[in-house]
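Hydrogens, waters and symmetry mates play no part in the numbers below; they use all other heavy atoms, side chains included. Quick caveat, the model's predicted, so the values are computed rather than measured.
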Amino acid sequence: MAKLTPMMQQYMEIKERYKDCILFFRLGDFYEMFFSDAELASRELEITLTGRDCGMEERAPMCGVPYHAAHTYISRLIAKGYKVAICDQMEDPATAKGIVKRDVSRVITPGTVIDPTMLEEKKNNYLMAIYCQQIYFGIAVVDVSTGEFFSTQITWGSSMGKLVDEISRYKPSEIIVNEGLTTRPEYKAYFKEYLKIEPSIIDGELFTLKNSRDKLIEVFNENPFKDLDLAQCASGALISYLESTQKVDLKHIEKVRIYKIEQYMMLDSASRKSLEITETMRDSKKKGSLLWVLDKTSTSMGGRKLRQWIEQPLLDVEEIDLRLDAVSEFKESFMIRSELVELLRGVYDIERLTSKLVFGTINARDLLAIKSSLSKLPYIKDLIQDLKADYNRQLHVRLDLLEDIYSLIEKSINEEAPLSIKEGGIIKDGYDELVDEYRHASTEGKTWISELEVEERERTGIKSLKIRYNDNFGYYIEITKANIGLAPDDYVRKQTLVNCERYTMDKLKSLEDKILGAESKVVQREYELFCQVRDTVSQHVKRLKTSADCVSVLDALCSYADVADRNQYVRPVVYDGGTIEIKNGRHPVVERVLDDTQFVPNDTWLDNDENRIGIITGPNMAGKSTYMRQVALITL
């Protein structure tokens with residue numbers, strides 16, 4: 001039987017560890033795929049299927065994509081639900097002894113995408129872990145692109161139905177579960193038929209109390225779960241899964257936000273769909289939904305925050321009033337709101353840029369985007385300093401200006417930096433002496449040599465002395481035979497010819513070192529400096545996320561205030577009395593889509609006593625369902 005080549009043996013060993021992934025195997029300037037992966041990728045990506053000698057009698061099916069364009073192809077595979085394992089070269093092929101060491105640097109799955117080009121700007125990309133123990137469930141949810149982490153558990157009522165409601169709320173792009181869930185008798189009806197989701201079953205050991213406790217302490221320096229074993233198991237398994245796929249320190253995930261389902265208004269999946277809260281029933285589009293009416297945010301972060309608020313309506317009256325006070329103040333402060341909105345338009349997605357920092361995928365332009373965003377923070381802080389609402393005052397205190405980070409990026413990163421971090425042109429002039437010297441050398445090298453030649457002629461008195469260059473010897477001083485007696489003691493003989501002697505000296509060697517390969521040296525030095533700046537900024541992830549959260553909340557509050565102002569909404573009075581009293585109520589979506597017809601307002605009175613039920617009558621298409629949904633949406 002034919003033996004596989006060493007390179008193909010290496011491929012097979014790595015593929016064995018990532019059987020459920022398409023393995024992108026780095027070979028020079030390409031990521032190659034082999035065997036069944038190649039056949040699958042060739043079909044899904046519509047790229048040419050070729051072959052490669054691998055030591056077997058038949059050539060191995062093969063296809064490949066350029067490494068610099070790999071993200072385009074990866075995004076297409078992820079969109080189709082596949083997982084991709086990125087196998088990179090762990091050493092320089094030019095200096096490697098034997099076969100180049102390779103290993104998987106990251107596994108990209110639908111729930112672990114961080115590339116903004118592969119994500120919706122104003123929508124979270126959630127990965128969910130579910131731990132099933134008999135009829136109860138632990139839930140953990142993370143958005144790797146923003147670092148948000150939530151966890152809860154369901155131990156009461158129709159638990160499978162409540163689980164489905166939570167799944168419908170988060171709409172995760174990927175779900176991992178323990179095998180116990182798939183053996184439940186309701187599993188097929190709920191997951192395969194209703195949700196049309198196929199979760200991935202992962203190692204049950206990852207869900208154990210010991211593993212989860214160890215992982216939580218390792219990442220958060222504490223176990224925040226008390227008497228919440230199911231939620232703890234789900235959270236620990238989720239962290240283990242992220243570590244095995246992302247292979248980086250998850251420092252942008254600062255904490256787990258543990259919540260109880262009853263903290264928020266209970267909305268089952270059918271109600272969410274019928275009320276068209278974030279998307280329409282007909283074509284699943286944002287336009288025509290409640291979110292479409294309310295979302296006038298200026299930033300991606302604010303858009304995601306507002307969506308979270310809509311999907312998790314508050315129940316605590318104090319929390320509701322805290323938020324409504326802030327909205328009211330912005331509604332009544334038109335000038336402040338207008339200036340704030342203008343500033344917010346210049347703020348990039350700091351949350352997702354922070355994740356790129358952690359994953360080491362950030363480039364110089366991303367750092368410039370962070371700097372540009374930070375430049376707006378002092379003006380934002382000044383603008384909100386006189387606001388009186390408690391929530392707004394809290395935001396003013398929490399907003400960190402990050403002036404040190406702004407200053408570092410301002411001093412170091414060139415405004416015209418390229419996308420690639422290994423092509424040079426990243427570091428500003430004046431930031432680093434070596435970079436300045438190398439750049440000067442690459443442009444002024446000939447002048448330096450001419451000046452040294454004149455200097456040495458005067459010093460030695462040899463008028464015919466020349467400094468020349470060839471590929472074999474580099475730069476050298478050439479003196480004719482008649483003048484070799486005048487050569488100074490610091491000249492070192494390099495070559496003897498019939499008519500002349502060739503020398504070098506320390507100063508010439510120093511210039512040669514600077515001139516020869518100055519371009520490659522400056523690129524390497526710039527890369528090293530960029531990595532230093534990146535690593536310094538990444539040490540302040542927590543501060544960046546705090547300010548990003550403040551910005552997102554301010555954006556969402558301004559959006560609510562703007563919509564309320566434009567649409568003439570009034571502030572509700574909220575209390576625990578159980579009464580719904582609406583005067584001149586309007587359906588927030590229907591009135592926005594009407595062209596020439598004006599929406600007719602109507603009243604509602606419902607309570608927990610004699611008016612608990614209202615009977616609505618009328619012919620078809622009279623607006624009965626519109627009225628019912630209107631009451632629900634206004635209350636929400």
Is atom [atom1] of [X] surrounded by more than 12 heavy atoms (other residues, nucleotides or ligands) closer than 6.0 Å?
| X | atom1 | value |
| --- | --- | --- |
| Lys251 | NZ | yes |
| Lys624 | NZ | yes |
| Gln263 | CD | yes |
| Tyr259 | OH | yes |
| Gln568 | CD | no |
| Gln385 | CD | yes |

Reported [atom1]-to-[atom2] distance for the pair [X] and [Y], which is rounded to 0.5 angstrom:
| X | Y | atom1 | atom2 | value |
| --- | --- | --- | --- | --- |
| Lys260 | Leu315 | NZ | CG | 13.5 Å |
| Lys162 | Tyr136 | NZ | OH | 12.5 Å |
| Tyr187 | Leu195 | OH | CG | 10.0 Å |
| Ile130 | Leu238 | CD1 | CG | 11.0 Å |
| Asn363 | Lys356 | CG | NZ | 5.0 Å |
| Leu230 | Leu209 | CG | CG | 8.5 Å |

- [ ] Apply salt bridge (charged side-chain N to carboxylate O under 4.0 Å, His left out) to Lys123 and list each qualifying residue two or more places apart in sequence or on a separate chain.
- [x] none
- [ ] Under the side-chain contact (heavy atoms from CB on, under 4.5 Å) rule, what do Cys132 and Asn178 come out as? Steps first, then yes or no, please.
- [x] CA-CA 7 Å; Cys132 175; Asn178 66 321; 3.8 Å; yes
Note: [X]-[Y] ion pair, threshold 4.0 Å (strictly below):
| X | Y | value |
| --- | --- | --- |
| Glu243 | Lys215 | yes |
| Lys286 | Asp295 | yes |
| Glu186 | Arg184 | yes |

Side chains of [X] and [Y], heavy atoms from C-beta outward: is any pair under 4.5 Å?
| X | Y | value |
| --- | --- | --- |
| Trp309 | Val553 | yes |
| Ser145 | Val113 | no |
| Tyr627 | Val631 | yes |
| Leu127 | Pro172 | no |
| Tyr348 | Asp366 | no |
| Glu311 | Arg272 | yes |
| Met128 | Phe150 | no |
| Phe191 | Thr182 | no |

For [X] against [Y], the heavy-atom pair lying closest together:
| X | Y | answer |
| --- | --- | --- |
| Val256 | Ser151 | CG1-CB, 3.6 Å |
| Gly111 | Ser173 | CA-OG, 3.5 Å |
| Lys583 | Glu581 | CE-OE2, 3.6 Å |
| Ile167 | Ile197 | CG2-CD1, 4.0 Å |
| Thr354 | Val541 | CG2-CG1, 3.5 Å |
| Ile384 | Leu395 | CD1-C, 4.4 Å |

So, the side chain of [X] versus the backbone of [Y]: is there a donor-acceptor pair under 3.5 Å, distance only?
| X | Y | value |
| --- | --- | --- |
| Asp115 | Thr117 | yes |
| Arg307 | Leu291 | no |
| Asp607 | Thr579 | no |
| Asp603 | Asn584 | yes |
| Thr152 | Ile139 | no |
| Arg352 | Ile114 | no |
| Ser547 | Leu544 | no |
| Ser373 | Asp349 | no |
| Ser375 | Ser372 | yes |
| Ser355 | Val144 | yes |

TODO: Could you note down all residue pairs passing ring-ring contact (aromatic ring centres under 6.0 Å, His included) where residues 561-590 supplies at least one of them, sequence neighbours left out?
DONE: none
Open item on the list: Is there a side-chain contact (heavy atoms from CB on, under 4.5 Å) between Ile336 and Asp386? Walk through the geometry before answering.
Closed with: CA-CA 10 Å; Ile336 291 177; Asp386 295 327; over 6 Å; no
Checking side-chain polar atoms at under 3.5 Å, does [X] have a donor or acceptor matched by the opposite partner on [Y]?
| X | Y | result |
| --- | --- | --- |
| Thr112 | Tyr241 | no |
| Asp165 | Ser168 | no |
| Asn602 | Gln630 | yes |

TODO: Report the C-alpha distance between Val347 and Met301 in whole Å, list the side-chain angles of each, state the deciding distance to 0.1 Å, and finish with yes or no for side-chain contact (heavy atoms from CB on, under 4.5 Å).
DONE: CA-CA 9 Å; Val347 177; Met301 300 180 292; 3.9 Å; yes
TODO: Dump the intermediate steps for side-chain contact (heavy atoms from CB on, under 4.5 Å) on Ile239 and Phe149, then the final yes or no.
DONE: CA-CA 10 Å; Ile239 291 171; Phe149 196 131; 3.9 Å; yes
- [ ] Please lay out, stage by stage, how Arg304 and Glu351 fare under the test salt bridge (Lys or Arg N to Asp or Glu O under 4.0 Å).
- [x] CA-CA 11 Å; Arg304 292 194 296 271; Glu351 285 180 336; 2.7 Å; yes
Task: Pairs touching residues 319-340 that satisfy salt bridge (Lys or Arg N to Asp or Glu O under 4.0 Å), sequence neighbours left out - done: Asp321-Arg571, Asp325-Arg571, Arg337-Asp562, Arg337-Asp565
Task: Residue pairs passing the salt bridge (Lys or Arg N to Asp or Glu O under 4.0 Å) test where at least one lies in residues 542-561, sequence neighbours excluded - done: Lys305-Asp549, Arg398-Asp549, Asp400-Arg543, Asp404-Arg543
Open item on the list: Filter on side chain to side chain donor-acceptor pair (under 3.5 Å), then keep only pairs touching residues 189-202, sequence neighbours left out; what's left?
Closed with: Tyr194-Ser269
- [ ] List in chain and number order the residues that pass side chain to side chain contact (heavy atoms under 4.5 Å, CB included) with Lys381, two or more places apart in sequence or in another chain; answer none if no residue qualifies.
- [x] His396, Leu399, Leu401
